[in-house]
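Written below as structure tokens is the structure these notes are about.
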Amino acid sequence: QVQLAESGGGLVQPGGSLRLSCAASGSIFRIFDMDWYRQAPGKQREWVAHITSGGSTSYSDSVKGRFAISRDNAKNTVYLQMNSLNPEDTAVYYCKAVVQAMGATVPISYWGRGTQVTDSS
């Protein structure tokens, strides 16, 4: 019974910043790679950022240089620092984590329910 819960979304002015958090809870044995995705109305879900269990990061071209993904393994939490926000960043942001639950034989992907980020242009 693993759950992911995003927080930190909201309304921000153009050029502003937000930090999203995603905390995993439940009977967790180990969390592997984690990702952030986003989906704007009428568009496909888009991959945004990735972080490995070792802390290596990668980003989509649309956010590279503006966003930063990080994690706190002690808190089972992944973060997305978003700077220089623009209207194109308006979307529901989702976190995904590859998690092996206690007692499970293999890890699987879990998704959060999403948090709304709106750039008020």
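The first residue of the sequence shown is numbered 1, and numbering continues consecutively from there.
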Are R45 and Y37 close enough that a side-chain donor and a side-chain acceptor fall under 3.5 Å? no

Residue pair E88 / T90, side-chain donor-acceptor N/O under 3.5 Å: no

Is it true that atom CD of Q116 has more than 12 heavy atoms of other residues, nucleotides or ligands lying nearer than 6.0 Å? yes

Answer yes or no: does atom CZ of F29 have more than 12 heavy-atom neighbours from other residues, nucleotides or ligands under 6.0 Å? no

Roughly how far, to the nearest 0.5 Å, is the [atom2] atom of [Y] from the [atom1] atom of [X]?
X	Y	atom1	atom2	value
K96	L4	NZ	CG	11.0 Å
L20	S7	CG	OG	8.0 Å
Q3	I28	CD	CD1	10.0 Å
F67	L85	CZ	CG	5.0 Å
Q100	S27	CD	OG	12.5 Å
R19	L80	CZ	CG	10.5 Å

Between [X] and [Y], which heavy-atom pair has the shortest distance, and what is it?
X	Y	value
S121	P87	CB-CG, 3.6 Å
N83	S17	OD1-OG, 2.9 Å
V2	A101	CG2-CB, 4.0 Å
G9	V117	CA-CG2, 4.1 Å
D119	G15	OD2-N, 4.2 Å
E6	Y94	OE2-CA, 3.3 Å

Identified side chain to side chain contact (heavy atoms under 4.5 Å, CB included) partner of V78 from the options D35, D33, I69: I69

Determine whether N73 and I31 make a side-chain contact, defined as any pair of heavy atoms from C-beta on separated by less than 4.5 Å. no

Using a 4.5 Å cut-off on heavy atoms from C-beta on, say whether the side chain of V98 contacts that of I108. no

Check whether NZ of the Lys or CZ of the Arg R71 lies under 6.0 Å from the centre of the six-membered ring of Y79 and within 45 degrees of that ring's axis. no

Pairs where residues 65-121 contributes a residue and the test disulfide bond (SG atoms under 2.5 Å apart) is met, not counting sequence neighbours: C22-C95

If two hydrophobic side chains count as joined below 4.5 Å and joins carry through other members, does W47 share a cluster with M34? no

Between [X] and [Y] (side chain of the first, backbone of the second, donor and acceptor by atom type, cut-off under 3.5 Å), is there such a pair?
X	Y	value
S120	L11	no
R66	S84	yes
W36	R38	no

Residues 51-60 vs side-chain hydrogen bond (donor to acceptor under 3.5 Å, both in side chains), sequence neighbours excluded, gives S60-S62

